[in-house]
Amino acid sequence: MPEITVREALRQAMDEEMARDDRVFLMGEEVAEYNGAYKVSQGLWEKYGDRRVIDTPITEYGFTGVGVGAAMAGLRPIIEWMTYNFSAMAYDQVLNNAAKTLHMSGGQINVPIVFRGPNGPAEFLSSQHSQALQSIYAHIPGLKVVSFSTAYDGKGLLKTAIRDDNPVMFLECELMYGWKDEVPEEEYLIPFGKADIKRAGKDVTLISYSKPVRMVLQAAEKLAEEGIDAEVLDLRSIRPLDEESIYKSVRKTNRCVVIDESWPFASVGSHVAWLVSTNCFDDLDAQVEFISSEDVPMPYNHTLELAVQPSVEKIVKAAKKVLYV
Amino acid sequence: MFTKYHPTKGEMLQILSPEGKIINTKFQPEISTEKVLQAYKLMVYTRTVDLKTVSYQRQGRMYTYAPNFGQEASMIGTGFHMNQEDWLVPSYREMGAFFHRGVTPTDIWLYWGGHEDGAKFPKATNTLPISVPIASQIIHAAGIGYGLKLQKQKGIVYTYFGDGGTSEGDFHAGLNFASVWKAPVIFICQNNQYAISLRQEKQMASSNIAIKSLAYGMPGIQVDGNDFFACYSATQKAAQHIEEGKGPVLIEALTYRRGAHTTADDPSRYRSKEEEKIWEEKDPILRLKRYLVAQKLWSEEDDTKLTQQYEEEVEAEFLEYEKYPPYELNDVFQYLYNTMPDDLVKQKQEYEKYLAWKESRS
């Protein structure tokens, strides 16, 4: 099976879906002639031309709203935000339009649209360009929110997102674009609402999603050196959330640590920790531990930048805490 | 027309004077007498529904409602030009344009009465629901127009907004995107001169709204929004411009909202009786009626008869509307996603359990 980068896997997903369905098109800042700020759309403009790979003026709420309108007219837009940080400029179009149109039209008007781009902390980008915004979108009924931690998952989930009839927030990570793993040549899709066990174990459940999953796996290896067998559950889909897989794992290990790189207050991580505490109350042998980024804007200084985010060390420490070792 | 009434000249297109006389034959629209009568009747019908709805709201039989009183020519003069394949992308003060599409008063009441079925419009195609956030629909119009263009489909998008909406960034984005991509969109600003209570001169320093079109390289024209013929004529020209592949047009229809912004608003706090009186004299229905009567196409008796007929029809329809089955809890959850996700199913079941528990205690 060929090993390819996350960037290439996402490009393949868009390419395959564009070849499959003429209604799919990509729109965003510099996605066409420049091949995208992070080169995810490399070669697509050359292949599909101006009609389907469209460079837009720098107006996030503009091309986001244009996408919503085009979706109403029967197309299936993929909107690339250069980063999710810029999605703040388009927030009203997502919150009050994309997410609500089906509901407010009494089920008549679908908005099949994918909003994708890098989300979450990267490096050397400071406060305004390095933040995890998924909890804001996961809060909104009417949206689906999806993340991934491998090229394989990214491709399969993006294809599903493009075929979905609802608005989907598709979360990528700048630092992951160069990561590589095996992706089969034949077509596959990954359904939403299915978490994935990235490492099976029996002593403690480590729940995470998106970029931190790799760090969680490293922590699991460290724990293994000390004889602790951790299970790593990658949520993948945040909304809909695969609650059953979460409970099944926690009921097996009786201990749980949730790791989320967003801010702690009212976050995806705090929600999952609450769900586990409520639904696995009788199965837990320790309180649920929750590791998030510190509740501060991202510092520019690199040492501090790393210090405020989850780390292997923090995860190991939390796992040991719930195991009382 | 777009050269003669170039917005930098500050001259507004007017064809029918407030006295009901044709004062500009050069730009008279191509429209049959029969159609003009049809449009007139629609204007009267719209006003009947509008005034009665305000009264139902005052009687506590309707939630908040945004009246259309006084803007009949501006919305119907422009909207009457829409064909089946065209799209209506509305704001919330275009009831006449809605009726032209086949939307019924019941649909409108359901919407303002808090029933989700009020956004369904079973008889109208390509008609988006009423949009309450200011100006966000302008960008959708650009998107739909661009979507039609990409799919090589026929149709023009008619989108509406008020003078207040032009201050939102969405106005800029919508016009910029549509013009740079030559999307088939007619941007119709019903300038009723107040953003709720804020007068136009406090909203913008430009001499008119049509002039803003220049920055987007598209034609713009200010028309007398209380003159059916001026509105229709400019719309006809705009549609021609689009059909020739030249891209979008901005029409500013200068009008006056004779009613309140919504039933929660009291206009006497921000405008004078004298001003209201001036605009009463410029009333769009009165004006078209004067013309039709002078042309011997219509009479006061016809008018009295028609108004009475509409009053009765609307009253009967409203009584039927009041029997409409109440909104079901199920519908709250039903239309959120194409297929209901498991967590939502669970939430709904929990709520039903709660209701059953409540029921058992009463």
Side-chain angles (χ1 to χ4, degrees), chain A residues 22-23 25 27 50-52 54 56-57 59-77 89-90 92-93 95-113 141-144 164-167 192-193 237 239-244 275, chain B residues 87 89 110-111 115-122 126 128-133 135-151 153 155 157 159 168-170 172-178 180-181 183 185 331-344 346-347:
Chain A
D22 188 57
R23 296 170 302 170
F25 71 97
M27 181 162 66
D50 286 335
R51 188 174 152 262
R52 297 183 64 198
I54 303 156
T56 67
T59 327
E60 284 77 12
Y61 59 76
F63 62 82
T64 301
V66 164
V68 172
M72 289 171 176
L75 290 164
R76 306 185 78 88
M89 312 299 294
D92 179 64
Q93 284 293 341
L95 169 72
N96 282 319
N97 297 282
K100 297 200 174 94
T101 297
L102 183 67
H103 179 74
M104 293 188 74
S105 66
Q108 279 192 123
I109 302 170
N110 279 326
V111 182
I113 188 166
L143 298 179
K144 294 188 179 182
D164 201 286
D165 281 331
N166 305 281
F192 290 170
S237 159
R239 193 172 182 137
L241 187 67
D242 184 2
E243 291 183 39
E244 286 320 305
L275 282 173
Chain B
W87 283 71
V89 180
L110 284 170
Y111 177 86
H115 203 302
E116 298 295 325
D117 281 357
K120 278 190 176 170
F121 307 152
N126 299 351
L128 259 49
I130 290 170
S131 174
V132 171
S136 55
Q137 77 280 3
I138 302 176
I139 316 181
H140 303 157
I144 292 171
Y146 192 56
L148 294 176
K149 199 178 158 180
L150 280 185
Q151 297 175 102
Q153 281 177 11
V157 186
T159 189
E168 292 282 7
D170 308 57
H172 160 71
L175 270 70
N176 191 48
F177 276 78
V180 78
W181 292 339
V185 185
D331 290 6
V332 176
F333 299 97
Q334 189 64 41
Y335 303 122
L336 206 48
Y337 295 93
N338 222 262
T339 322
M340 206 185 287
D342 293 348
D343 60 338
L344 203 58
K346 222 161 93 184
Q347 250 189 69

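Within every chain, numbering begins at 1; the chains are lettered A, B, ... in the order of the sequence lines, protein sequences first and strands thereafter.
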For this session: Identify, with sequence neighbours excluded, every residue that meets ring pair (Phe, Tyr, Trp, His ring centres under 6.0 Å) alongside A:Tyr61.
Result: none
Exercise. At a heavy-atom separation under 4.5 Å, does B:Lys346 approach chain A through its side chain, its backbone, both, or neither?
Worked result: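 For B:Lys346, side-chain heavy atoms alone lie under 4.5 Å from chain A.
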For this session: Heavy-atom distances under 4.5 Å only: say whether B:Asp170 touches chain A with side chain, backbone, both or neither.
Result: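 Backbone plus side chain of B:Asp170, per the 4.5 Å heavy-atom cut-off to chain A.
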Interchain contact, [X] with chain B, by part (heavy-atom threshold 4.5 Å):
X        : result
A:Leu241 : neither
A:Phe25  : side chain
A:Arg239 : side chain
A:Ile109 : side chain

For this session: Heavy-atom pairs under 4.5 Å with chain B are the metric here; pick the option from A:Gly62, A:Gly106, A:Ala73 that has the most.
Result: A:Gly106
Exercise. If you tally heavy-atom pairs under 4.5 Å against chain A, which of B:Tyr146, B:Tyr111, B:Trp181 wins?
Worked result: B:Trp181
For this session: Under 4.5 Å, counting heavy-atom pairs only, tell me which of B:Leu344, B:Asp331, B:Leu336, B:Asp342 racks up the most with chain A.
Result: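 That would be B:Leu336.
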Problem set entry | Side-chain donor-acceptor pair present, B:His140, A:Gln93, cut-off under 3.5 Å |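 B:His140 vs A:Gln93: donor-acceptor pair found between side chains.
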Exercise. Does the side chain of A:Asn166 come under 3.5 Å of the side chain of A:Asn110 through a donor N or O and an acceptor N or O?
Worked result: no
Exercise. Residues in side chain to side chain donor-acceptor pair (under 3.5 Å) with A:Lys100, at least two apart?
Worked result: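 So A:Lys100 forms a side chain to side chain donor-acceptor pair (under 3.5 Å) with A:Asn96.
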